Amino acid sequence: MGKEIRINNKWVLLSLSAAVFSSIVLIIGHGGREAYLCVIPLVYSIISSIFYHSLSRCKFYRKGILYYCFNVIIYIRYVVTIIGSAIPQEEVIWKGWGPSASDKAFFIAIGLLSGEIIVVFLVQYLTIFTFERKLRKEYTSYRVLRYSSHYEREHVGVLLIFAILGLPVVLIVSPSLIIPTNFFVISDDTSGANLDNTDIPFQGMYVILANSVKVCLFIALLILCKKKYDRKRSLFYKLIAYLDIFLYLAFNTSTNRMTMIFILVLGLYFIHSMFDGISLGVILGGGAIVLVSFISASLFKFKYVLGEHPSFEKMMSMFAPQLQDYFGGPKLVGQMIDLKTNGMYTIGFQTFINDFLGSVPFVSNSIDQSNRINEIFCLYNNVKNSTLIAPILGTGYCYFPFFPFVFSVVFTALVIFFDYRMQTTSKVSYKFVYGRMGFIVALFLAYSVQTIYAEVVSVYVPMIVLLKFNDYISFKLKENHNYKDVRILNSELIKLKEK
């Protein structure tokens with residue numbers, strides 16, 4: 001409890017410091033309307049300080065890795081992104097996409113972002129204390145606190161058979177779905193997880209198959225390494241687990257930089273919790289690999305901005321204002337408000353339906369992809385390759401102008417749900433799938449609705465179905481009465497003594 005209080009106090013101090021620093025930077029850096037952006041980190045500091053202090057009353061719910069990652073993302077969205085906006089336009093090489101938001105839309109965006117801060121922290125609080133009451137009730141009834149649950153025997157037979165059967169199919173149809181052209185470093189000839197032949201029927205099915213095969217192979221090898229490690233305590237199996245994470249990172253090389261980051265974070269988390277800790281060298285090495293991949297992806301995507309001879313100063317003058325584009329800053333939210341109010345485009349119930357169904361395999365081919373919110377937003381900003389992300393707050397305003405925080409409420413609650421499930425589930429496989437989906441949902445402050453929908457239908461749902469089959473179908477080659485269950489460090493049910 002004392003450690004939790006110290007962590008919460010550090011968050012409070014960080015929040016208050018953010019408000020003071022960002023206000024000074026914004027007021028000095030701008031004399032125009034951007035100076036009013038200091039309201040956003042100010043609201044953040046007040047609300048977050050109250051929230052972190054109130055969590056001191058939380059005795060049963062243990063905040064997991066998704067909770068901490070989510071709150072780091074919140075800090076980036078409402079503080080770091082706003083500070084990046086303080087740099088005057090004449091001093092940066094990145095001007096952003098599309099028209100500037102009108103003054104009215106800009107100030108509405110400031111109000112909406114400030115309101116979203118309150119909503120996000122309030123929903124976190126309510127969801128955490130919902131699980132707190134659930135855990136308190138269990139403890140009162142059974143004197144047991146389930147962090148993390150005891151690991152029952154975890155089979156990998158179905159996962160391995162699926163991967164063995166699916167891998168040749170994907171490699172025959174489109175090898176780049178599994179094996180990217182380059183590992184870690186992005187270049188002109190890099191092809192990520194995309195079909196080599198776009199004329200192939202049922203394209204979505206092969207993308208889902210490839211994603212599931214990669215996840216199954218990663219999970220199966222990790223579980224098998226843990227079994228061997230528990231029996232023999234050999235460093236060899238720990239090194240194989242490191243290699244497993246390294247390969248999973250390599251096979252997910254793409255221009256999606258967030259994917260690389262969350263794979264590294266989850267991978268290091270599992271190594272630490274399953275194999276008696278992790279060395280600083282491994283953390284630094286993994287961080288260096290992802291950093292190189294991150295920089296190379298940025299240089300590849302924006303070489304038309306940085307030129308032939310990019311420098312550190314050029315990259316910083318591009319990245320700082322670019323945070324708005326990647327974390328749904330006030331400019332993008334303001335653009336979506338203008339998009340809704342100027343009447344140039346029709347955004348209605350059919351657009352809402354298309355946003356979801358447009359990501360569902362077999363159905364997506366019959367959906368008008370041009371009538372989806374992200375496509376309309378890119379068209380409004382004259383972005384032809386549909387890479388600009390429509391912020392979820394702006395999307396909520398377009399669909400539900402009287403309460404634009406609908407998506408923020410749902411996704412915030414889901415982050416805490418996946419954080420809870422990840423800690424209390426009894427199997428490594430489920431922990432990884434919950435962790436992966438939870439990380440994607442936590443990035444709703446940076447992603448669009450379509451991105452999250454796509455992850456649900458292309459990875460989460462197929463993997464949950466496979467894991468359910470894996471729970472009930474086992475393949476035994478021989479009887480082994482000395483079998484040891486797969487465990488995560490400290491994975492026994494914590495039985496507390498009665499007073």
Side-chain angles (χ1 to χ4, degrees), residues 77 81 85 93-102 105-106 108-109 112-113 192-195 198 203-204 207 254-259 297-298 300-305 318-319 321-360 364-401 404 407 411 440 443-455 457-458:
R77 169 80 180 281
T81 296
S85 305
I93 62 174
W94 178 256
K95 309 300 182 182
W97 285 288
S100 296
S102 65
F106 183 80
I108 292 175
L112 290 181
L113 285 164
N194 297 304
L195 282 164
T198 56
Q203 297 176 22
V207 173
S254 71
T255 55
N256 189 335
R257 293 161 288 184
M258 291 297 186
T259 299
S298 301
F300 170 74
K301 293 178 72 172
F302 300 103
K303 60 183 177 181
Y304 66 94
V305 178
M318 182 187 73
F319 283 141
Q322 223 176 41
L323 284 170
Q324 282 219 57
D325 300 324
Y326 286 99
F327 285 91
K331 177 186 175 181
L332 271 70
V333 176
Q335 286 177 332
M336 294 206 73
I337 294 170
D338 282 335
L339 170 64
K340 173 68 175 177
T341 57
N342 65 17
M344 290 175 59
Y345 303 93
T346 301
I347 301 174
F349 181 71
Q350 188 60 53
T351 312
F352 178 81
I353 296 298
N354 289 353
D355 270 349
F356 176 71
L357 295 182
S359 301
V360 178
S364 59
N365 291 334
S366 60
I367 296 299
D368 180 8
Q369 296 290 335
S370 64
N371 187 20
R372 301 180 74 186
I373 194 71
N374 211 78
E375 297 294 326
I376 295 173
F377 185 58
C378 289
L379 184 62
Y380 174 79
N381 285 285
N382 197 29
V383 179
K384 297 179 180 179
N385 55 2
S386 303
T387 56
L388 186 58
I389 299 171
I392 278 182
L393 179 59
T395 302
Y397 182 85
C398 289
Y399 290 138
F400 315 104
F407 294 115
F411 291 138
I440 296 295
L443 282 165
F444 79 85
L445 296 172
Y447 281 169
S448 67
V449 174
Q450 290 176 212
T451 305
I452 298 175
Y453 285 167
E455 178 72 15
V457 299
S458 66

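Predicted, not measured: the structure shown is a model, and the values here were computed from it.
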Colleague: To the nearest 0.5 Å, what is the distance between CD1 (I108) and NZ (K340)?
Modeller: 13.0 Å

Colleague: Show, in sequence, the C-alpha distance, side-chain angles and deciding distance for N371 and Q350, and conclude whether the side chain to side chain donor-acceptor pair (under 3.5 Å) test is met.
Modeller: CA-CA 8 Å; N371 187 20; Q350 188 60 53; over 6 Å; no

Colleague: Just so I know, are the side chains of Y399 and I373 near enough to count as touching, which here means a heavy-atom distance under 4.5 Å?
Modeller: yes

Colleague: Does some side-chain heavy atom of F377 sit less than 4.5 Å from a side-chain heavy atom of L332?
Modeller: yes

Colleague: Got a second to check how far L357's CG is from I367's CD1, nearest 0.5 Å?
Modeller: 4.5 Å

Colleague: Could you give the distance from CG (D338) to OG1 (T341), rounded to the nearest 0.5 Å?
Modeller: 5.0 Å

Colleague: Please say whether more than 12 non-hydrogen atoms of neighbouring residues, nucleotides or ligands are located less than 6.0 Å from CZ in F352.
Modeller: no

Colleague: Closest approach of P391 and M336, non-hydrogen atoms and distance?
Modeller: CD-SD, 3.5 Å

Colleague: Considering non-hydrogen atoms only, spot the tightest contact between G334 and A109 and give its length.
Modeller: N-CB, 3.8 Å

Colleague: Kindly give the heavy-atom pair with the smallest separation between C398 and I347, and that separation in Å.
Modeller: SG-CD1, 4.1 Å

Colleague: Roughly how far apart are Q369 CD and Q450 CD, rounded to 0.5 Å?
Modeller: 7.5 Å

Colleague: For residues A446 and I389, report the shortest heavy-atom separation together with the two atoms involved.
Modeller: O-CG2, 3.5 Å

Colleague: Contact between L113 and P330 at the side-chain level, heavy atoms closer than 4.5 Å - yes or no?
Modeller: yes

Colleague: Measure across D355 and R372 and return the closest heavy-atom pair with its distance rounded to 0.1 Å.
Modeller: O-NH2, 2.8 Å

Colleague: Verify side-chain contact (heavy atoms from CB on, under 4.5 Å) between L339 and I376, making sure each step is shown before the conclusion.
Modeller: CA-CA 9 Å; L339 170 64; I376 295 173; 4.0 Å; yes

Colleague: Roughly how far, to the nearest 0.5 Å, is CZ of F356 from OG1 of T351?
Modeller: 16.0 Å

Colleague: Would you give the length of the straight line joining atom CD1 of I337 to atom CZ of F106, rounded to the nearest 0.5 angstrom?
Modeller: 10.5 Å

Colleague: Using the rule given for side-chain contact (heavy atoms from CB on, under 4.5 Å), can you reason through Y380 versus N342, listing the C-alpha separation, both sets of side-chain angles and the distance that settles it, and then say yes or no?
Modeller: CA-CA 11 Å; Y380 174 79; N342 65 17; 3.6 Å; yes

Colleague: Do E455 and L443 make a side-chain contact, defined as non-hydrogen atoms from C-beta onward lying under 4.5 Å apart?
Modeller: no

Colleague: Using 30° and 60° as the class limits, which term best fits the ring planes of F411 and F444: parallel, tilted or perpendicular?
Modeller: tilted

Colleague: If you compare all heavy atoms of L112 against all heavy atoms of P404, which two are closest, and at what distance to 0.1 Å?
Modeller: CD2-CG, 3.6 Å

